[in-house]
Amino acid sequence: LRKGARVLMLTAASPELCRHVLSAVGKDGHLTVLEPDADRAARVDRIEHPGLAVIVFRPEGPETFGQHDALIACPATDPGWPMNVWSELAKHNLRLGGRLVIDLPGAPQCEAIETAWGDSTAPIEALEAWNGPGAGSIARVLASDGLRAIEPQVATHLVTFASPHDAAILTCVRLGLEHRFVDELQLALAKRFKTNDELEVLFRRT
């Protein structure tokens, strides 16, 4: 991201991330955020920047929002869109030579959370959004849709939490679960890591 760049962001991962993008493109840059969830969109829309536009919208692929230098997507969980939505949006909204970067949950994203989930009464179907597609399947779809110079990567991140409780809260917030599941996940994580204090949890992103 360069000063003055025009950026299209799919899903508002967090206001903090949007601030980082706006800082990178500067006062002359532009950031258009597409976010289906009205609450998340509203939190990002409170950021003051002359080049920020936030649209409450769930894209299907062929929509056009102007020519952009970059299209980025970093959702905390898999939004469940068909993979060709990403490539279609790129083809319709990137200038020649523009770049698309998709950062999705890994497959799997975090075994520790999944194991704890299995030891709780939280609904198993809610975990569907926790894991994303594999790097190979993403690359195949993007290539078949005509995108070039595709570079699939799997990144691992060791995330430090102050306690199992903090890790449980993050999980429930990201998956939109009721707070009553926090205690169950906290207990399961405490048993797995044998601590109620600080712990490090491995996450994968694709």
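No experiment lies behind these values; they were computed from the predicted model shown.
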Checklist entry - Step by step, would you call Leu31 with Cys18 a side chain to side chain contact (heavy atoms under 4.5 Å, CB included)? => result CA-CA 8 Å; Leu31 172 62; Cys18 293; 4.2 Å; yes

Item to check | Sub-4.5 Å side-chain heavy-atom contact between Thr156 and Phe203 | outcome: no

Next on the checklist: Which label fits His179 and His165: parallel for a plane angle under 30°, tilted from 30 to 60°, or perpendicular past 60°?
Outcome noted: perpendicular

Next on the checklist: Tell me whether Glu63 contacts the main-chain N or O of Gly61 through its side chain, where contact means a donor paired with an acceptor under 3.5 Å.
Outcome noted: yes

Item to check | Closest non-hydrogen atom pair between Gln186 and Pro164, with its separation | outcome: O-CB, 3.7 Å

Checklist entry - Counting distance only, does the side-chain N/O of Asp45 pair as donor-acceptor with the main-chain N or O of Ala41 below 3.5 Å? => result no

Checklist entry - Which pair of heavy atoms, one from Leu1 and one from Val21, lies closest together, and at what distance? => result CD1-CG1, 3.9 Å

Next on the checklist: Show the nearest heavy-atom pair for residues Ala12 and Glu35, with the distance to one decimal.
Outcome noted: N-OE1, 2.7 Å

Item to check | Chi angles and distances behind the side chain to side chain contact (heavy atoms under 4.5 Å, CB included) call for Val7, Ile72 | outcome: CA-CA 7 Å; Val7 180; Ile72 61 178; 4.1 Å; yes

Checklist entry - Just by distance, do the side chain of His49 and the backbone of Ile47 share a donor-acceptor pair under 3.5 Å? => result no

Item to check | Least distance between heavy atoms, Ala168 atom then Leu189 atom | outcome: N-CD1, 4.1 Å

Checklist entry - Where the side chain of Gln109 meets the backbone of Trp130, is there a donor-acceptor pair that is under 3.5 Å apart? => result yes

Next on the checklist: Looking at every non-hydrogen atom in both residues, tell me the closest pair between Pro75 and Pro79 and how far apart they are.
Outcome noted: CG-CD, 3.9 Å

Item to check | Aromatic plane relationship, Phe57 with Phe65 - under 30° parallel, 30 to 60° tilted, over 60° perpendicular | outcome: perpendicular

Next on the checklist: Quick check against the 3.5 Å criterion: does Asn93 have a side-chain atom that pairs as donor or acceptor with the backbone of Gln67?
Outcome noted: no

Item to check | Backbone of Ser87 reached by a side-chain donor or acceptor of Asn84 within 3.5 Å | outcome: no

Checklist entry - Closest approach of Glu200 and Phe193, non-hydrogen atoms and distance? => result O-CE2, 3.5 Å

Item to check | Sole residue of Arg95, Arg2, Arg99 in salt bridge (charged side-chain N to carboxylate O under 4.0 Å, His left out) with Asp69 | outcome: Arg95

Checklist entry - With no hydrogens and no angle check, is any side-chain donor or acceptor of Lys3 less than 3.5 Å from a backbone partner on Ser23? => result yes

Next on the checklist: Assess the residue pair Leu17 and Cys74 against the criterion (side chain to side chain contact (heavy atoms under 4.5 Å, CB included)); give the C-alpha distance rounded to whole Å, side-chain angles, the decisive distance to 0.1 Å, and a yes or no.
Outcome noted: CA-CA 9 Å; Leu17 179 61; Cys74 312; 3.9 Å; yes

Next on the checklist: With a 3.5 Å distance limit and no angle check, can you tell me whether Glu184 reaches the backbone of Thr121 through a side-chain donor-acceptor pair?
Outcome noted: yes

Next on the checklist: Nearest 0.5 angstrom please: Ile102 CD1 to Thr206 OG1, how far?
Outcome noted: 10.5 Å

